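Since this is a predicted model, take the numbers as computed values, not measurements. In what follows, every chain begins at residue 1, and chains take the letters A, B, ... in the order their sequences are listed.
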Amino acid sequence: MAKAITPRSEDYSQWYLDIVKRAQLADNSAVRGCMVIKPYGFGIWERMQRQLDDMFKETGHVNAYFPLFIPKSFLSKEAEHVDGFAKECAVVTHHRLMNDPNGGGVVVDPSAKLEEELIVRPTSETIIWNTYRDWINSYRDLPLLVNQWANVVRWELRTRLFLRTAEFLWQEGHTAHATAEEAVEETLRMQDVYAKFAEEYMAMPVVKGFKTANERFAGAVDTYTIEALMQDGKALQAGTSHFLGQNFAKAFDVKFSNKENREEYVWATSWGVSTRLMGGLIMTHSDDEGLIVPPKLAPIQVVIIPIPKPKEALDAKAKELMDALKARGVRVSYDNDDQKRPGFKFAENELKGIPVRLGLGQRDLDKGVIEVARRDTKEKSSVPMEGIVDHIVNLLDEIQDNLFQRALKFREEKTTRVDTFEEFQKVIEGDKPGFISAHWDGTSESELKIKELTKATIRCIPNDAPEEDGVDLISGQPSKRRVLFAKAY
RNA sequence: CGGGGUGUGGCGCAGUCCGGUUAGCGCACCUGUUUUGGGAACAGGGGGCCGCAGGUUCGAAUCCUGCCACCCCGACCA
């Protein structure tokens with residue numbers, strides 16, 4: 001009898017950790033801040049990767065791979081960029097080990113010091129733009145639309161599985177364009193791709209917006225973001241897309257000849273999502289019974305559990321059903337391990353968030369039905385075998401949609417418009433924390449003051465924020481539109 | 001990186017204050033039997049450098065020093 005998961009109401013952080021561990025998504029490792037992603041967790045990530053990769057290809061991008069190591073000097077070529085990342089870089093200083101002459105095991109060989117130290121990439125703009133200098137000569141070489149799937153390292157002091165780890169997996173797109181307009185268009189296009197992925201595949205509603213100067217990527221002119229709201233009322237930055245202007249082109253001297261044969265600096269973008277999305281997925285849908293995975297990302301969408309005794313008859317029926325489901329593209333598995341009892345399997349499958357469970361026993365065979373249990377609502381029903389495949393295919397769509405609608409409703413309930421700082425504080429400290437839509441005068445001072453007083457930050461200025469006259473909560477200065485505040489992960 | 005906490009079979013814990021035979025319990029695991037429609041029952045069995053490294057002592061899971069990891073809170077960041 002395994003113990004239950006810590007309820008969210010009791011300890012949200014512990015609940016999150018319990019889900020990650022009990023659903024076998026990931027473990028801590030022997031290396032500080034680095035996680036082991038386990039097969040089931042990686043299976044979900046693989047499905048995310050596959051879908052995103054398809055979407056990148058559809059929008060004209062190609063994959064490539066750049067080195068893990070970056071010469072230290074590259075990082076300092078773009079002033080803001082180095083400011084942003086210098087504090088959290090792993091540095092390679094030597095290239096050889098030796099046996100300790102004093103018998104203390106293996107030690108760094110002091111004679112193998114690198115002339116120029118190497119940084120383990122925290123992101124790849126510098127090495128990529130250093131390469132692009134060689135790839136780009138003419139406007140005919142543009143646009144250059146490249147993505148890479150990679151791991152990066154940011155030496156985080158406080159880590160949480162998936163949400164913030166010292167090493168994480170991600171994709172980073174790096175594009176080069178002839179004009180600012182084209183680059184901005186690309187930045188917005190990829191923000192749309194991310195939003196579509198989040199909403200249609202992860203069933204996680206997001207707000208598309210752009211960042212204030214304080215929250216902007218180091219080296220970007222503008223950072224666009226998709227922001228999601230987690231069940232505890234904290235916001236999660238789920239993906240970013242940056243318009244880099246000519247900052248990196250100038251730093252790395254990447255120029256092209258335009259149609260008039262005049263040299264110009266190239267315009268750039270970069271965009272990325274990471275294994276952090278796994279954290280968002282967990283905290284958007286899961287409940288006190290365990291993980292809930294939307295059908296489109298579930299490695300296993302349907303599990304069939306036999307209620308044993310006349311084993312052969314059940315096996316045959318299950319096999320038939322599996323074949324029929326597979327033929328319709330459903331990912332189905334048959335859990336016929338007779339060492340475990342059905343009740344145990346029910347609980348395990350709920351823990352892992354498998355969207356649909358089918359229970360098949362002699363009683364069902366006799367009546368020509370099967371028990372269908374959906375993970376999202378925990379409803380169970382007895383459904384005729386006839387037409388069962390259509391029923392399940394439709395049910396998977398329904399679950400996908402229900403998860404999104406449920407999360408959307410939650411976000412709407414937790415989004416509050418306020419017009420005074422007193423209201424703001426009441427919401428952020430009350431029982432309904434979440435997004436707060438409020439006026440802001442556009443100054444860093446007001447933004448930082450709110451952060452200091454409430455810990456909430458401006459998550460984004462929504463792309464579609466309508467023009468509306470108002471006044472800043474802190475300064476009383478005029479404001480033209482509302483922005484979204486929240487406490488954030 | 002600062003404050004607090006925790007490290008004992010795979011997992012969860014007791015034992016540590018006050019040092020003293022073979023380090024204990026629940027779950028999991030192995031064997032067998034009976035079971036099987038919401039985490040099975042009984043019987044028998046295996047498994048431990050007590051986080052790591054030093055030190056004190058006749059004797060250390062227990063006391064001392066250093067280190068490592070994880071969790072919570074804070075500052076910083078995706």
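One cannot find a donor-acceptor pair under 3.5 Å joining the base of B/G37 and the side-chain atoms of A/Gln362. Judged by distance alone with a 3.5 Å cut-off, no donor-acceptor contact links the side chain of A/Lys345 to the base of B/G37. Scanning atom types as modelled, one donor and one acceptor separated by under 3.5 angstrom connect the side chain of A/Glu350 and the base of B/G38.
Separating the CZ atom of A/Arg341 from the C1' atom of B/U36 is a distance of 5 Å, rounded to the nearest angstrom. If you take CG of A/Leu360 and P of B/U36, they are 17 Å apart, rounded to a whole angstrom. In this structure, A/Arg357 places its CZ atom 10 Å from P of B/G38, rounding to the nearest Å. The CD1-P distance, from A/Ile307 to B/U35, rounds to 18 Å in whole Å. Rounded to an integer number of Å, the gap from A/Asp364 CG to B/U36 P is 16 Å.
In this structure, the side chain of A/Ser274 engages the main chain of A/Arg276 through a donor-acceptor pair within 3.5 Å.
Applying the ring pair (Phe, Tyr, Trp, His ring centres under 6.0 Å) rule to A/Phe410 yields no partners; only residues at least two apart in sequence or on another chain are considered. With sequence neighbours excluded, no residue satisfies salt bridge (Lys or Arg N to Asp or Glu O under 4.0 Å) with A/Lys455. Partners of A/Thr159 according to the side-chain contact (heavy atoms from CB on, under 4.5 Å) rule, which considers only residues two or more places apart in sequence or in another chain, are A/Glu156. Partners of A/Lys414 by salt bridge (Lys or Arg N to Asp or Glu O under 4.0 Å), not counting sequence neighbours: none found. When the side-chain contact (heavy atoms from CB on, under 4.5 Å) test is applied to A/Thr59, the partners found at least two apart in sequence or on another chain are A/His61, A/Arg189, A/Met190, A/Val193. For A/Lys87, there are no side-chain contact (heavy atoms from CB on, under 4.5 Å) partners two or more places apart in sequence or in a different chain. With sequence neighbours left out, A/Glu80 forms a salt bridge (Lys or Arg N to Asp or Glu O under 4.0 Å) with no residue at all. For A/Arg459, the salt bridge (Lys or Arg N to Asp or Glu O under 4.0 Å) partners are A/Glu215, A/Glu227, not counting sequence neighbours.
Comparing the C1' positions of B/C64 and B/C17 gives an interatomic distance of 15 Å, to the nearest angstrom. Between B/G12 and B/U8, the two C1' atoms lie 12 Å apart (nearest whole Å). Taking the C1' atoms as reference points, B/A78 lies 48 Å from B/U36, given to the whole Å. Nucleotides B/G48 and B/C13 place their C1' atoms 15 Å apart, quoted to the nearest Å. Spacing of P atoms, B/C67 relative to B/G2, comes out at 11 Å, to the nearest Å. Nucleotides B/C58 and B/C63, compared at atom C1', are 16 Å apart to the nearest Å. The same atom, C1', is picked in B/G51 and in B/C70; the two are 11 Å apart, to the nearest Å. Comparing the C1' positions of B/C52 and B/A14 gives an interatomic distance of 23 Å, to the nearest angstrom.
Of the nucleotides present, B/C68 is the one that pairs with B/G7 by Watson-Crick or G-U wobble criteria, both distances under 3.5 Å. In a base pair of the Watson-Crick type (N1 to N3 plus N6-O4 or O6-N4) or a G-U wobble (N1-O2 and O6-N3), with each distance short of 3.5 Å, B/A14 is matched with no nucleotide. For B/C29, the paired base is B/G45 (Watson-Crick or G-U wobble, both distances below 3.5 Å). Searching all strands for a Watson-Crick or G-U wobble partner of B/C50 with both distances below 3.5 Å returns nothing. In this entry B/U35 has no Watson-Crick or G-U wobble partner, no candidate having both defining distances under 3.5 Å. Figure legend. B/G2 is base-paired to B/C73; pairs are counted as Watson-Crick or G-U wobble with both atom distances under 3.5 Å.
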Can you pull every protein N or O that's under 3.5 Å from an N or O on nucleotides 68-78 of chain B?
{"from": "B/A69", "atom 1": "OP2", "to": "A/Arg32", "atom 2": "NH1", "distance (Å)": "3.0"}
{"from": "B/C70", "atom 1": "OP1", "to": "A/Gly33", "atom 2": "N", "distance (Å)": "2.9"}
{"from": "B/C70", "atom 1": "O3'", "to": "A/Asn28", "atom 2": "ND2", "distance (Å)": "3.4"}
{"from": "B/C73", "atom 1": "OP2", "to": "A/Arg158", "atom 2": "NH2", "distance (Å)": "2.5"}
{"from": "B/G74", "atom 1": "N7", "to": "A/Arg158", "atom 2": "NH1", "distance (Å)": "3.2"}
{"from": "B/A75", "atom 1": "OP1", "to": "A/Lys455", "atom 2": "NZ", "distance (Å)": "3.2"}
{"from": "B/C77", "atom 1": "O2'", "to": "A/Glu88", "atom 2": "OE2", "distance (Å)": "3.3"}
{"from": "B/C77", "atom 1": "O2", "to": "A/Arg164", "atom 2": "NE", "distance (Å)": "2.4"}
{"from": "B/C77", "atom 1": "O2", "to": "A/Arg164", "atom 2": "NH2", "distance (Å)": "2.5"}
{"from": "B/C77", "atom 1": "N3", "to": "A/Arg164", "atom 2": "NE", "distance (Å)": "3.4"}
{"from": "B/C77", "atom 1": "N3", "to": "A/Arg164", "atom 2": "NH1", "distance (Å)": "3.3"}
{"from": "B/C77", "atom 1": "N3", "to": "A/Arg164", "atom 2": "NH2", "distance (Å)": "2.5"}
{"from": "B/A78", "atom 1": "O3'", "to": "A/Gln237", "atom 2": "OE1", "distance (Å)": "3.4"}
{"from": "B/A78", "atom 1": "O3'", "to": "A/Gln237", "atom 2": "NE2", "distance (Å)": "3.2"}
{"from": "B/A78", "atom 1": "O2'", "to": "A/Arg276", "atom 2": "NH1", "distance (Å)": "2.2"}
{"from": "B/A78", "atom 1": "O2'", "to": "A/Arg276", "atom 2": "NH2", "distance (Å)": "2.9"}
{"from": "B/A78", "atom 1": "N6", "to": "A/Thr165", "atom 2": "O", "distance (Å)": "2.6"}

All N/O contacts under 3.5 Å from nucleotides 4-10 of chain B to the protein, with atom names and distances to one decimal?
none

Can you check nucleotides 30-32 of chain B for protein contacts, nitrogen or oxygen pairs under 3.5 Å, and list what you find?
none

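Here the side chains of A/Pro306 and A/Leu360 are not in contact, with every heavy-atom distance at 4.5 Å or above.
With a 6.0 Å cutoff to the six-membered ring centre and a 45° limit on the axis angle, A/Arg411 does not count as a cation-pi contact of A/Phe435. For the pair A/Arg121 and A/Phe66, the NZ or CZ position fails the cation-pi test of under 6.0 Å to the six-membered ring centre and within 45 degrees of the ring normal.
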Exercise answer: donor-acceptor pairs, residues 34-51 of chain A side-chain atoms, under 3.5 Å, sequence neighbours excluded:
{"from": "A/Tyr40", "atom 1": "OH", "to": "A/Lys352", "atom 2": "O", "distance (Å)": "2.6"}
{"from": "A/Gln51", "atom 1": "NE2", "to": "A/Tyr201", "atom 2": "OH", "distance (Å)": "3.2"}

